2 protein chains.
Amino acid sequence: MTLLTDLADPRSKRSKSAHKIAACVVANPEAVLSATTAALAASAGVSEPTVNRFCTGLGYKGFPDFKLALAAELARKQPRMTRNIEANDSVGAVVAKIFESTQASLGGTLEQLDLAALQDVVAALANARSIIFCGLGASASVAIDAQHKFLRFHTPVASHTDIINQRMVATGLDPQDCIVCISYSGRTHAMVELAELAATSGCHVVGITAPGSPLANACTLALSVENDEDTDVYTPMTSRIAQLVILDILATCLALQQGEAFSDHLRRVKYNLRLTRRQ
Amino acid sequence: MTLLTDLADPRSKRSKSAHKIAACVVANPEAVLSATTAALAASAGVSEPTVNRFCTGLGYKGFPDFKLALAAELARKQPRMTRNIEANDSVGAVVAKIFESTQASLGGTLEQLDLAALQDVVAALANARSIIFCGLGASASVAIDAQHKFLRFHTPVASHTDIINQRMVATGLDPQDCIVCISYSGRTHAMVELAELAATSGCHVVGITAPGSPLANACTLALSVENDEDTDVYTPMTSRIAQLVILDILATCLALQQGEAFSDHLRRVKYNLRLTRRQ
DNA sequence: CCAATGATGTAGTTTTATTACAGAAAGGGA
DNA sequence: TCCCTTTCTGTAATAAAACTACATCATTGG
């Protein structure tokens with residue numbers, strides 16, 4: 001993601017023409033792949049050698065080399081959208097398709113992740129008196145995973161995967177608490193009701209769910225995880241992976257925010273786990 | 001993965017020279033990216049126009065277009081290895097790095113996944129009287145997730161994340177049972193001992209763990225998940241994702257093996273979940 | 001064994017990328 | 001503000017690479 005991000009960055013020092021070319025590339029990267037220096041020069045309103053200098057200036061051997069890097073960049077950003085798994089696929093094909101669709105799903109989630117909302121959630125978690133993770137069905141394991149990740153912090157953390165317990169806890173929330181509701185569809189009755197119940201306490205209700213879903217609307221803060229409508233019975237559950245990665249990001253951002261003193265704490269945690277290991 | 005796989009496929013009908021070129025490309029794809037038609041022609045021992053015909057024959061506009069596709073292919077296969085997260089990284093940078101390293105980790109796992117072992121595991125699961133998933137710490141949520149995935153099947157399935165309960169269950173295993181031990185490091189004492197205990201019953205002991213680890217050795221079947229030594233405190237836990245994807249693959253392969261009648265069952269499961277949803 | 005089809009290579013042509021150089025713009029000091 | 005220096009930009013020429021046309025060779029089927 002470095003190339004396109006760098007090109008899109010307006011504060012990088014570049015000559016006037018270089019900016020024009022960068023804008024052209026960012027605006028339509030796919031078109032550049034099939035363009036010649038002359039074509040790109042024309043659409044950027046500069047001369048051909050300027051395009052070449054632009055490429056060499058970025059550290060590439062020339063325009064063709066730059067195009068190769070761009071093609072690689074785009075491929076990384078948008079992995080092949082795998083067609084559905086067929087009943088007569090070989091094991092190798094199934095493996096490849098599941099890996100690819102997972103990678104594609106991750107790419108899609110990254111694309112649509114709202115950084116501002118993410119920062120708000122990190123702030124809410126950082127200032128929380130206690131953190132509760134809730135999930136049902138497939139999202140139950142995500143909630144448990146989140147709890148494990150957040151055990152590293154000093155904030156009291158719990159996960160609940162039972163609707164009775166979830167409601168009990170949600171009833172007693174403090175405005176300084178933070179509850180995280182995890183749901184793939186964002187349409188599970190019990191989860192939406194839980195979020196609504198939790199919101200009455202005035203605490204932060206974070207949703208990690210499908211954008212625009214009832215659950216997302218019931219939350220005070222929502223992080224989008226694209227819901228790619230797994231209509232097929234064999235479709236792998238890629239969105240769960242995206243939820244886990246988002247929780248990983250939250251935990252990492254929180255750890256970074258705590259500063260150097262906290263790194264020592266993490267190292268101590270690691271050290272104390274050492275004795276459970278062989279060698 | 002289509003391009004290189006296709007080129008490596010020896011049974012595809014191609015002319016003699018085309019085979020020579022394909023072999024050259026597969027042998028050293030990176031080198032081809034910086035080569036000219038003349039260079040590739042020379043190293044394949046054919047003439048320049050043959051290289052061009054080879055490219056157009058594959059459906060590309062010409063040699064440069066082929067190189068772009070190859071670059072994209074290689075990028076997909078081997079996403080950028082992200083350097084560690086730094087204390088002063090922006091939120092956007094952290095997000096990008098975590099996503100990228102997760103994708104890279106997935107790519108690495110796919111690369112080293114043993115398809116034969118995978119098929120053995122699928123067979124073991126398909127014939128199992130009952131399936132037990134065990135994990136501790138971070139792998140506990142993976143075990144729970146696996147249980148959820150396998151609830152769709154008719155085989156009795158359970159997950160245990162408590163060493164006492166795990167040992168109790170492992171003691172009473174039948175040779176027809178299948179226990180799946182999940183561990184990132186493959187070095188957790190309790191897990192290795194559990195696998196050894198389970199193995200005495202004569203049942204299949206599947207490990208989803210680091211290759212060559214004590215746990216992998218204690219299992220009767222092992223699926224490798226690369227252990228990339230997360231030395232840094234801020235390193236995201238990418239291997240957990242790889243474990244989940246492998247379990248997704250196992251569940252999907254199992255579902256495929258059950259045939260069309262089973263698809264109906266899956267559809268019924270889905271239908272019965274409908275009433276828990278809004279709209 | 002002889003067509004006939006298809007594949008391959010040589011040589012030439014076109015396209016594309018790069019370099020050299022000159023002119024223009026921008027920045028810095030008096 | 002002006003002039004000088006530095007950096008950037010475009011024109012034109014050059015070099016390189018890719019592609020095309022055509023002739024030759026191999027291979028297969030009758």
Side-chain angles (χ1 to χ4, degrees), chain A residues 3 6-74, chain B residues 3 6-74:
Chain A
L3 213 182
D6 285 357
L7 292 183
D9 191 351
R11 69 210 153 156
S12 62
K13 56 163 181 42
R14 255 195 286 270
S15 70
K16 214 185 303 173
S17 310
H19 265 117
K20 281 196 243 173
I21 298 170
C24 250
V25 174
V26 171
N28 199 350
E30 285 83 4
V32 174
L33 291 185
S34 53
T36 63
T37 40
L40 179 56
S43 68
V46 299
S47 69
E48 294 184 38
T50 303
V51 170
N52 191 6
R53 279 189 284 260
F54 172 79
C55 298
T56 53
L58 287 169
Y60 300 102
K61 274 187 279 184
F63 183 64
D65 193 37
F66 169 76
K67 284 207 293 188
L68 287 175
L70 187 64
E73 190 74 20
L74 291 173
Chain B
L3 214 182
D6 285 358
L7 292 183
D9 191 351
R11 68 211 154 156
S12 63
K13 56 164 180 44
R14 255 195 285 271
S15 70
K16 214 186 301 172
S17 310
H19 265 117
K20 282 195 242 171
I21 298 170
C24 251
V25 174
V26 171
N28 198 351
E30 285 83 3
V32 174
L33 292 185
S34 52
T36 64
T37 39
L40 179 57
S43 69
V46 299
S47 71
E48 295 184 37
T50 303
V51 171
N52 190 12
R53 279 187 284 259
F54 171 79
C55 297
T56 53
L58 287 169
Y60 300 101
K61 275 187 280 185
F63 183 64
D65 193 38
F66 169 76
K67 284 208 293 187
L68 287 176
L70 187 63
E73 190 73 21
L74 291 173

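Keep in mind that this is a model prediction, so the values were computed, not measured. The figures that follow rest on heavy atoms only: side chains count, while hydrogens, waters and symmetry mates do not.
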For residues [X] and [Y], report the shortest heavy-atom separation together with the two atoms involved.
X        : Y        : value
Lys20(B) : Ala44(B) : CD-O, 3.3 Å
Ala69(B) : Tyr60(B) : CB-CE2, 3.3 Å
Cys55(A) : Phe66(A) : SG-CB, 3.6 Å
Thr37(A) : Glu48(A) : OG1-OE1, 3.8 Å
Cys24(B) : Val32(B) : O-CG2, 4.5 Å
Leu40(B) : Ala35(B) : N-CB, 4.4 Å

Detail all sub-3.5 Å separations between protein N/O atoms and N/O atoms belonging to nucleotides 17-19 of chain D.
{"residue": "dA18(D)", "atom": "OP2", "partner": "Thr37(B)", "partner atom": "N", "Å": "2.6"}
{"residue": "dA18(D)", "atom": "OP2", "partner": "Thr37(B)", "partner atom": "OG1", "Å": "2.7"}
{"residue": "dC19(D)", "atom": "OP2", "partner": "Asn52(B)", "partner atom": "OD1", "Å": "3.1"}
{"residue": "dC19(D)", "atom": "OP2", "partner": "Phe63(B)", "partner atom": "N", "Å": "3.0"}

message: Considering every strand and a 4.0 Å limit on heavy-atom distances, what is the contact class for Val46(A): base, sugar-phosphate, or nothing?
response: sugar-phosphate

message: How long is the straight-line distance from CG of Asp65(B) back to NZ of Lys67(A), given to the nearest 0.5 Å?
response: 8.5 Å

- line: Between the CG atom in Leu68(A) and the NZ atom in Lys61(A), the distance rounded to the nearest 0.5 Å is 9.0 Å

Integer-rounded Å distance: [N] [atom2] and [X] [atom1]:
X        : N       : atom1 : atom2 : result
Leu33(A) : dT16(C) : CG    : C1'   : 16 Å
Tyr60(A) : dT18(C) : OH    : C1'   : 19 Å
His19(A) : dT9(D)  : NE2   : C1'   : 16 Å
Arg53(A) : dA20(C) : CZ    : P     : 12 Å

- prompt: In degrees rounded to 10°, what angle is found between the helical axes fit to the five outermost pairs at each end of the helix from dC1(C)-dG30(D) to dA30(C)-dT1(D)?
  reply: 30°

- request: Please step through side chain to side chain contact (heavy atoms under 4.5 Å, CB included) for the pair Phe54(B) and Leu58(B), ending with a clear verdict.
  value: CA-CA 6 Å; Phe54(B) 171 79; Leu58(B) 287 169; 3.7 Å; yes

message: Please tell me if Thr50(A) has a side-chain N or O lying less than 4.0 Å from either OP1 or OP2 of dT9(D).
response: no

Could you go over nucleotides 23-26 of chain C and give all protein N or O partners under 3.5 Å, atom names and distances?
{"residue": "dA26(C)", "atom": "OP1", "partner": "Lys16(A)", "partner atom": "NZ", "Å": "2.9"}

